[in-house]
Amino acid sequence: MAYKISDECIMCGACEAECPVSAISEGDGKYVIDADTCVDCGSCENVCPVGAPSAE
Ligand code: SF4
Ligand code: SF4
């Protein structure tokens with residue numbers, strides 16, 4: 001289980017800065033989460049202005 005970023009992402013970069021394990025990186029049209037690295041802390045969901053990250 002890992003968090004996933006939806007197409008709602010506006011590429012603000014806020015979540016990348018908050019992730020404690022650096023699982024988030026800039027992808028093609030949206031930011032993406034590396035499922036193997038994510039520790040399900042929820043910080044990205046809390047900081048995102050548009051609610052794009054969510055637990056799968
Ligand atoms: Fe990073 Fe936590 Fe979001 Fe997973 S849930 S991508 S560990 S901030
Ligand atoms: Fe996209 Fe939300 Fe992350 Fe900003 S905080 S890059 S809108 S997922």
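Small disclaimer: the values here were computed from a predicted structure and weren't measured. All ligand and atom numbering here is 1-based and tracks the order in the structure. Both backbone and side-chain heavy atoms feed into the values below; hydrogens, waters and symmetry mates do not.
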Proximity to ligand 1 by part of V39, non-hydrogen separation under 4.0 Å: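 Contact part for V39 vs ligand 1: both backbone and side chain.
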
Per-atom contacts, ligand 1 versus V21 - under 4.0 Å to a heavy atom: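 Selected atoms, number and element: 7 (S).
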
Atom 2 (Fe) of ligand 1 to nearest N/O/S of C38 less than 2.8 Å: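 It does not; every qualifying atom lies at 2.8 Å or beyond.
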
Shortest protein heavy-atom distance from atom 2 (Fe) of ligand 1, along with the residue and atom involved: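 Closest protein heavy atom to atom 2 (Fe) of ligand 1: C41 SG, 2.3 Å.
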
Within-4.5 Å side-chain heavy-atom neighbours: V32 and S25: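 Result yes, sub-4.5 Å side-chain heavy-atom pair found.
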
Heavy-atom gap I5 to ligand 2 smaller than 4.0 Å: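 For ligand 2, residue contact (heavy atoms, under 4.0 Å) with I5 is present.
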
From CA spacing to verdict: side chain to side chain contact (heavy atoms under 4.5 Å, CB included), T37, S22: CA-CA 8 Å; T37 307; S22 300; over 6 Å; no

Co-membership, hydrophobic cluster, residues V39 and I24, 4.5 Å side-chain: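 V39 does not cluster with I24.
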
Protein contact to atom 7 (S) of ligand 2 [nearest heavy atom, distance to 0.1 Å]: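 Looking at atom 7 (S) of ligand 2, the protein heavy atom closest to it is I10 N, 3.3 Å.
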
Contact flag C48/atom 1 (Fe) of ligand 2, N/O/S atoms, threshold under 2.8 Å: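 Checking atom 1 (Fe) of ligand 2 against C48, no N, O or S atom falls under 2.8 Å.
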
Shortest protein heavy-atom distance from atom 4 (Fe) of ligand 2, along with the residue and atom involved: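 Nearest neighbour among protein heavy atoms for atom 4 (Fe) of ligand 2, to 0.1 Å: C12 SG, 2.2 Å.
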
Stepwise side chain to side chain contact (heavy atoms under 4.5 Å, CB included) test for C44 and I33: CA-CA 10 Å; C44 52; I33 294 171; 4.2 Å; yes

For ligand 1, the portion of I24 having any non-hydrogen atom under 4.0 Å away: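 For I24, the contact with ligand 1 is made by the side chain alone.
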
Which residue and heavy atom of the protein sit nearest atom 6 (S) of ligand 2, plus the separation: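 Looking at atom 6 (S) of ligand 2, the protein heavy atom closest to it is G13 N, 3.2 Å.
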
Nearest neighbour in protein (non-hydrogen) for atom 1 (Fe) of ligand 2: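 Ranked first by proximity to atom 1 (Fe) of ligand 2 is C9 SG, 2.3 Å.
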
pair S6-S54: side-chain heavy atoms closer than 4.5 Å: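 With C-beta onward as the side chain, the pair stays apart.
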
Student check: side-chain heavy atoms of P49 and C12 closer than 4.5 Å: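 Heavy-atom side-chain distance check passes, below 4.5 Å.
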
Side-chain heavy-atom pair K30, D7 within 4.5 angstrom cut-off: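 Yes - at least one pair of side-chain heavy atoms lies under 4.5 Å apart.
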
For I33, atoms of ligand 1 separated by under 4.0 Å from a heavy atom: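 Taking each heavy atom of I33 in turn, ligand 1 has 6 (S) under 4.0 Å.
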
Residue and atom name of the nearest protein heavy atom (relative to atom 3 (Fe) of ligand 2), distance in Å to one decimal: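 Its nearest protein heavy-atom neighbour is C15 SG, 2.2 Å.
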
Best match, S43, A55, G42, A23: closest heavy atom to atom 5 (S) of ligand 1: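 Answer by nearest heavy atom: G42.
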
Nearest heavy atoms of C9 and A52, plus distance in Å: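 Nearest heavy atoms, C9 then A52: N-CB, 3.7 Å.
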
Within-4.5 Å side-chain heavy-atom neighbours: C15 and I5: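 Side chain of C15 against side chain of I5, heavy atoms only: contact under 4.5 Å found.
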
